[in-house]
Undergrad: 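What follows is a single structure, and I will ask about it in a moment.
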2 protein chains.
Amino acid sequence: MSASVKDVALQAGVSVGTVSNVLNHPGRVSPDTVKRVQKTIADLGFVRNDAARQLRAGDSRTIALLVFDAANPFFADLARGAEDAATTEGYQVIVANTSESLERELSYLDLFEEQRVRGILISPYGDVEPRLHALKKFGIPSILVDRVSENQGFSSVSVDDVAGGSIATEHLLQKNRRKIAFVGGPLDIPQVRDRLLGARSAMESQPEASLIVLETLATTVLEGRRVGHSLLAMDEADRPDAIFAANDLVALGLLQALVAAGDIAVPGDIAIVGYDDIDFATSAIVPLTSIRQPSALMGETALKLLKEEASNSGMKPRKVVFQPELIIRSST
Amino acid sequence: MSASVKDVALQAGVSVGTVSNVLNHPGRVSPDTVKRVQKTIADLGFVRNDAARQLRAGDSRTIALLVFDAANPFFADLARGAEDAATTEGYQVIVANTSESLERELSYLDLFEEQRVRGILISPYGDVEPRLHALKKFGIPSILVDRVSENQGFSSVSVDDVAGGSIATEHLLQKNRRKIAFVGGPLDIPQVRDRLLGARSAMESQPEASLIVLETLATTVLEGRRVGHSLLAMDEADRPDAIFAANDLVALGLLQALVAAGDIAVPGDIAIVGYDDIDFATSAIVPLTSIRQPSALMGETALKLLKEEASNSGMKPRKVVFQPELIIRSST
DNA sequence: ACCCTGTTTTGAAACGATTCAATTATGAAT
DNA sequence: ATTCATAATTGAATCGTTTCAAAACAGGGT
């Protein structure tokens with residue numbers, strides 16, 4: 001159907017080897033020949049078949065980025081960072097979204113293995129380290145983003161979530177809040193767990209303060225709204241006077257539910273801190289205090305680590321940890 | 001390095017053809033043999049090489065989705081719709097983001113051509129129809145999303161942006177606003193142009209009302225904020241009393257700038273209508289009136305159209321147009 | 001025994017690039 | 001003229017699958 005390297009060779013009066021060289025090592029070919037072959041390529045509309053290229057050459061230019069919630073702007077920013085870095089490095093990034101399904105997560109990993117991608121950037125949802133180990137043995141390195149390796153087996157780029165949780169909670173305590181609720185989940189997601197852990201450790205400095213945990217099924221706006229409504233239904237005396245939300249989406253959902261009702265003031269009755277500092281936190285109904293993570297920089301860093309690991313498979317895992325930053329706005 | 005179909009064949013005591021059949025047409029192979037081969041595959045950790053598969057079989061299972069702003073939740077929703085549909089159809093979607101760069105847009109199209117993807121879903125940024133035509137001739141169909149084909153050459157899934165613009169503007173007029181500003185850009189993006197067109201046509205019913213256009217460089221929160229500040233700097237008498245923003249991101253940016261200043265009330269002094277009805281519109285500082293598009297459904301529909309076109313290349317282009325819906329909230 | 005009809009299985013021939021050892025051209029130096 | 005070193009070109013072998021015509025097998029029915 002479409003022209004192959006052989007057709008080009010025939011038409012240009014050279015051998016297939018020369019055509020391939022024009023494509024991949026133009027320096028080895030005389031300038032005249034390069035020009036002639038390129039003209040023929042244009043005339044015939046030849047387009048190199050990447051499957052054949054990859055089969056023979058053995059290396060892919062594609063890097064996969066696997067996240068569990070592409071709707072979260074935090075991941076969109078992270079992806080952009082990775083993509084920008086990839087473009088300058090000559091790689092291509094494909095983004096896949098598992099929508100918080102372990103099944104999909106594994107099935108995408110299978111796919112990437114069949115495709116022999118050059119490497120994987122993953123913000124894991126389930127317990128995939130064993131699978132990633134197998135991939136590594138197979139020759140496909142992974143970098144964990146927004147999470148550290150459980151057993152030091154992988155390089156990672158993350159933010160100190162324990163510190164973040166602690167900063168957020170300290171801030172609330174400092175504002176004289178004493179009945180704090182942590183809203184987020186599921187709790188087996190490490191990011192969520194660590195943020196909670198940080199919150200707990202901050203609580204220790206204030207023995208008379210209490211922390212309750214309201215677990216959600218996902219860290220989404222919808223779940224936040226759900227919890228918000230359940231807070232409205234609560235007896236006023238029992239209500240917390242502050243909330244630390246596991247991420248901004250949950251925080252925004254809470255805000256929607258609480259503020260829409262009109263009889264709960266933020267931060268008057270309840271102060272709220274979110275996490276991620278997404279763009280929309282600024283323009284929220286009550287501009288949201290949040291913990292900022294350098295999302296694009298994280299994506300960029302992860303890609304660079306991966307690049308090194310891909311070209312030098314014997315490397316020791318490295319761990320880059322960024323520090324989170326408290327951004328104070330009206331919600332506290 | 002890794003086991004091939006030949007290794008499996010050898011180890012299992014069958015021919016390579018049989019191994020391939022176990023993989024692709026298990027019905028043709030006796031149950032015993034299937035079981036034996038599958039065990040060997042597991043033992044050897046064989047993973048099919050997709051490049052080889054695609055080279056020989058000639059067809060790819062991959063569909064590309066190319067958008068110009070992955071940070072816009074509208075596109076994230078659209079992508080999710082397409083992904084979900086793809087999974088059930090046995091396809092895989094890879095998402096690529098051009099960040100509003102024509103150069104990147106073309107370079108991704110080149111890449112997809114080399115990869116012989118099964119088809120392309122694209123929300124075009126620049127004038128890519130000629131390029132898409134070439135791809136079609138080459139055997140790669142495209143579906144336009146969120147935009148119709150200029151010359152009827154391609155199937156498309158879109159929302160009637162002219163109607164949307166008109167609905168939004170009528171709503172403002174009905175609220176007795178007479179000095180309306182359209183904020184968005186660049187104006188050569190068809191979506192923006194059409195929304196403006198709709199606004200203009202709605203204006204005709206109110207000759208004494210005026211429409212000014214404040215063009216932005218991109219439809220982002222940042223640009224919205226920039227325009228917002230320039231409005232603040234304006235003489236109060238000259239200020240518009242209503243804004244129709246080309247999308248919700250711009251509207252949220254405007255809100256941030258206007259409301260933060262404190263001396264402009266929304267909707268008191270200026271009413272605002274956005275476009276897309278993203279999740280965050282609800283939880284905005286002033287919940288945003290917006291024009292809703294069925295984003296996930298659009299993605300799903302686009303994928304289905306593509307699937308049909310991929311298996312039957314002679315099809316006439318079809319055009320699916322959804323109707324936009326006005327969602328009224330506090331900002332008007 | 002033999003024929004016939006399905007089922008299974010086989011294995012060589014693609015697919016379209018890249019690679020690399022071998023060959024040929026080029027031209028400067030003697 | 002001849003030699004030699006270097007540059008440019010060749011083309012067969014290879015990557016790991018799938019395909020498909022042909023061969024082998026199984027098991028009734030006569």
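Note that these values count all heavy atoms, side chains included, but never hydrogens, waters or copies made by symmetry. Labels below follow one simple rule: chain letters A, B, ... track the order of the sequence lines, proteins then strands, and each chain is numbered from 1.
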Undergrad: Decide side chain to side chain contact (heavy atoms under 4.5 Å, CB included) for B:Glu309 and B:Phe154; before the verdict, give the C-alpha distance in whole Å, the side-chain angles of both, and the deciding distance to 0.1 Å.
TA: CA-CA 10 Å; B:Glu309 227 148 286; B:Phe154 294 94; 5.8 Å; no

Undergrad: Would you indicate what A:Asn24 reaches in the nucleic acid, counting non-hydrogen atoms under 4.0 angstrom: base, sugar-phosphate, or nothing?
TA: sugar-phosphate

Undergrad: Report the residue from A:Gln54, A:Arg53, A:Arg116 that forms a side chain to side chain donor-acceptor pair (under 3.5 Å) with A:Asp59.
TA: A:Arg53

Undergrad: Mind checking the CG-CG spacing from A:Asp50 to A:Leu55? Nearest 0.5 Å is all I need.
TA: 11.0 Å

Undergrad: Could I get a table of every N or O pair under 3.5 Å where one atom is in the protein and the other is in nucleotides 8-12 of chain C?
TA:
from: C:dT9; atom 1: OP1; to: B:Ser30; atom 2: OG; distance (Å): 3.4
from: C:dT9; atom 1: OP1; to: B:Thr33; atom 2: OG1; distance (Å): 2.6
from: C:dT9; atom 1: OP2; to: B:Ser30; atom 2: N; distance (Å): 3.2
from: C:dT10; atom 1: OP2; to: B:Ser15; atom 2: N; distance (Å): 2.8
from: C:dT10; atom 1: OP2; to: B:Ser15; atom 2: OG; distance (Å): 3.4
from: C:dT10; atom 1: OP2; to: B:Thr18; atom 2: OG1; distance (Å): 3.0

Undergrad: Quickly work out the A:Arg116 CZ to D:dT17 C1' distance and round it to whole Å.
TA: 11 Å

Undergrad: Any side-chain N or O of A:His25 below 4.0 angstrom from OP1/OP2 of C:dT19?
TA: yes

Undergrad: Roughly how many Å is it from CD in B:Glu114 to P in C:dG16, rounded to a whole number?
TA: 15 Å

Undergrad: Decide, yes or no, whether a salt bridge links A:Arg80 with B:Asp69 under the criterion of side-chain N to carboxylate O below 4.0 Å.
TA: no

Undergrad: Return the nearest nucleotide to the side chain of B:Asn49; candidates are C:dT19, C:dT18, D:dT17.
TA: D:dT17

Undergrad: Name the nucleic acid region contacted by B:Ser4, choosing base, sugar-phosphate or nothing; use a 4.0 angstrom heavy-atom cut-off, strictly under.
TA: sugar-phosphate

Undergrad: Measure the shortest side-chain to side-chain distance between A:Pro141 and A:Leu306 over non-hydrogen atoms and say whether it is less than 4.5 angstrom.
TA: yes

Undergrad: Remember a base hit wins even if backbone is also touched, and classify B:Val47 as base, sugar-phosphate or nothing at under 4.0 Å, heavy atoms.
TA: sugar-phosphate

Undergrad: Would you call A:Arg318 and A:Glu308 a salt bridge, taking side-chain N to carboxylate O under 4.0 Å as the test?
TA: yes

Undergrad: Whole Å only: how far is the CD atom of A:Glu113 from the C1' atom of D:dG16?
TA: 15 Å

Undergrad: Let me know the distance between CD1 of B:Ile41 and C1' of D:dG16, rounded to the nearest Å.
TA: 14 Å

Undergrad: At less than 3.5 Å, do the side-chain atoms of B:Arg56 and the base atoms of D:dT18 form a donor-acceptor pair?
TA: yes

Undergrad: Round to a whole Å and report the spacing from CG of A:Leu10 to P of D:dT9.
TA: 17 Å

Undergrad: CD of B:Gln54 versus P of D:dT19: gap in Å, rounded?
TA: 13 Å

Undergrad: Can you figure out which of C:dA17, D:dT18, D:dG16 approaches the side chain of B:Leu23 most closely?
TA: D:dT18

Undergrad: Take atom CG of B:Leu55 and atom P of D:dT19, then tell me their distance rounded to the nearest Å.
TA: 12 Å

Undergrad: Rounded to whole Å, please give me the gap between CZ in B:Arg48 and P in C:dC15.
TA: 20 Å

Undergrad: Is any side-chain N or O of B:Arg53 under 3.5 Å from a base N or O of D:dT17, one able to act as donor and the other as acceptor?
TA: no

Undergrad: With under 30° as parallel and over 60° as perpendicular, where do the rings of B:Phe75 and B:Phe68 fit, or are they tilted in between?
TA: perpendicular

